[in-house]
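Note on naming: letters A, B, ... go to the chains in the order of the sequence lines (proteins, then strands), and numbering restarts at 1 for each one.
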2 protein chains.
Amino acid sequence: MTQKDLNTEQKILKAARVVFTHKGFEGARMQEIADEAGINKALLHYYYRNKDKLFEEVFKEAFYTMVPQVIELLKSDMPLFDKIRFFAEKYIDIFIQNPFIPGFVLHELSQNPKRIVDLISNLGIEPQIFLQQIQTEIEKGAIKPIDPRNLLTNLLAMCIFPFVAKPILKNIMFTKDDKAFTLFVEERKKSVPEFIINAIKK
Amino acid sequence: MTQKDLNTEQKILKAARVVFTHKGFEGARMQEIADEAGINKALLHYYYRNKDKLFEEVFKEAFYTMVPQVIELLKSDMPLFDKIRFFAEKYIDIFIQNPFIPGFVLHELSQNPKRIVDLISNLGIEPQIFLQQIQTEIEKGAIKPIDPRNLLTNLLAMCIFPFVAKPILKNIMFTKDDKAFTLFVEERKKSVPEFIINAIKK
DNA sequence: GTCTATATTGTGATAGAC
DNA sequence: GTCTATCACAATATAGAC
């Protein structure tokens with residue numbers, strides 16, 4: 001599936017995205033990326049020195065898709081419940097459009113946890129403002145007491161997990177076709193924030 | 001770290017567990033498994049014909065650890081809230097003791113989703129009873145209405161996700177050492193069921 | 001820039017001595 | 001059963017023609 005309107009470098013990156021996110025670094029083959037791009041193996045090395053460099057591009061892109069944008073959102077001055085609704089909807093949407101990103105990023109990070117240290121310190125990813133906002137609401141008596149880190153973890157878990165566990169969920173839930181699963185996840189854009197708000201509201 | 005009181009076959013399996021669960025099938029090297037077992041590469045092939053066979057042993061074991069036992073638990077006739085508490089506590093405990101199992105199983109399943117079809121149909125994993133129990137509670141008016149599949153998904157997500165996303169969570173939550181993370185997860189054995197029950201109780 | 005051909009290294013697997 | 005040595009092939013990477 002090559003695009004005639006992309007230059008070679010773009011075609012390679014696009015193909016690499018597909019193969020790396022599906023197979024991971026170790027599972028990916030340079031030959032498969034070349035095939036997917038409709039070009040020759042040697043060209044991969046012409047544009048990107050080696051497999052590592054090509055992977056690095058794809059991984060960074062995927063990480064940016066998954067983490068910083070949305071953490072930024074948590075820093076806004078929106079009221080807590082609105083923020084939770086907005087976050088879940090936007091985040092789940094990102095994954096509906098990029099269903100392989102979560103598994104890919106999480107797997108590669110656990111293969112090489114040092115990687116994240118650089119990325120995170122470069123980007124200044126700090127959910128402190130969100131955690132503080134939760135703490136403030138608790139102190140005001142506006143919501144039930146909860147460890148704010150637990151609330152954030154639960155929010156992330158409910159948004160991300162279905163995409164990481166898709167094969168199990170699809171089978172266990174008896175929604176064996178993809179359309180039913182997509183519907184199920186689509187519906188979670190509303191039900192996840194509702195669930196969370198029910199859990200913490202007084 | 002070889003154990004003097006294990007026979008060779010056991011040493012191999014133990015080593016394979018470590019290497020496969022950490023690196024995945026594609027990332028694992030037979031040489032590394034041999035080193036970890038303190039034996040020779042050729043012996044791996046003597047006891048297990050090839051890499052696939054050895055992997056199959058490890059994967060099946062890991063899958064059994066992660067899925068069937070605990071699904072069984074969902075079938076008991078315990079009251080819903082107790083069941084949720086019991087499930088979360090037991091499930092999170094399993095992962096505290098086997099922190100690499102979730103990432104390993106989920107990753108390998110998405111590499112090869114066909115694998116699960118066999119395993120699941122062989123084992124008769126059906127959470128129908130649990131889903132039905134939730135539905136009954138809703139109809140009795142005992143809990144808030146919710147798609148039972150969403151409730152199960154959320155329960156699984158909150159138990160499993162922290163172990164899959166450990167590197168990110170550790171960094172983002174500023175609990176950069178392992179002890180703090182373990183404490184955080186330990187504490188979730190109580191807070192996760194509490195969170196869920198708060199979300200659904202009337 | 002793009003290709004074919006080839007070098008080089010890595011890795012699973014086997015042969016055969018002990 | 002366990003080892004050393006080696007094979008066979010797969011995969012990354014490079015050389016060099018066009």
J.: Rounding to a whole Å, what distance do you find between A:Lys53:NZ and D:dT12:P?
T.: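 Spelled out: NZ on A:Lys53 to P on D:dT12 is 16 Å.
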
J.: Do the two ring centres, one from A:Phe161 and one from B:Phe161, sit under 6.0 Å apart?
T.: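 No, the ring of A:Phe161 stays outside the 6.0 Å limit from the ring of B:Phe161, centre to centre.
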
J.: Going by salt bridge (Lys or Arg N to Asp or Glu O under 4.0 Å), name the pairs with one or both residues in residues 110-131 of chain A, residues two or more places apart or in two chains.
T.: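 Listed once each, the pairs are A:Glu56-A:Arg115.
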
J.: Would you say the rings of B:Phe104 and B:Phe100 are close, in the sense that their centroids are separated by under 6.0 Å?
T.: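 No, they do not, as the ring centres are separated by 6.0 Å or more.
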
J.: Considering just the side-chain nitrogens and oxygens of B:Tyr46, establish if one lies under 4.0 Å of OP1 or OP2 belonging to D:dT2.
T.: no

J.: What does nucleotides 11-18 of chain C look like as a protein-contact string, B for base, S for sugar-phosphate only, - for none, at under 4.0 angstrom between heavy atoms?
T.: SBBBB---

J.: I need the minimum non-hydrogen distance between B:Ala199 and A:Phe195, along with the two atoms involved.
T.: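 Between these two residues, the closest heavy atoms are CB-O, 3.4 Å.
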
J.: A:Tyr47 OH to D:dT14 P: how many Å, rounded?
T.: 17 Å

J.: Between A:Glu72 (side chain only) and A:Val67 (backbone N and O only), is there a donor and an acceptor less than 3.5 Å apart?
T.: no

J.: Can you check the A:Ile39 CD1 to C:dT2 P distance for me, whole Å?
T.: 8 Å

J.: Regarding B:Arg17 and B:Asn98, do their side chains bring together a donor and an acceptor under 3.5 Å, going by distance alone?
T.: no

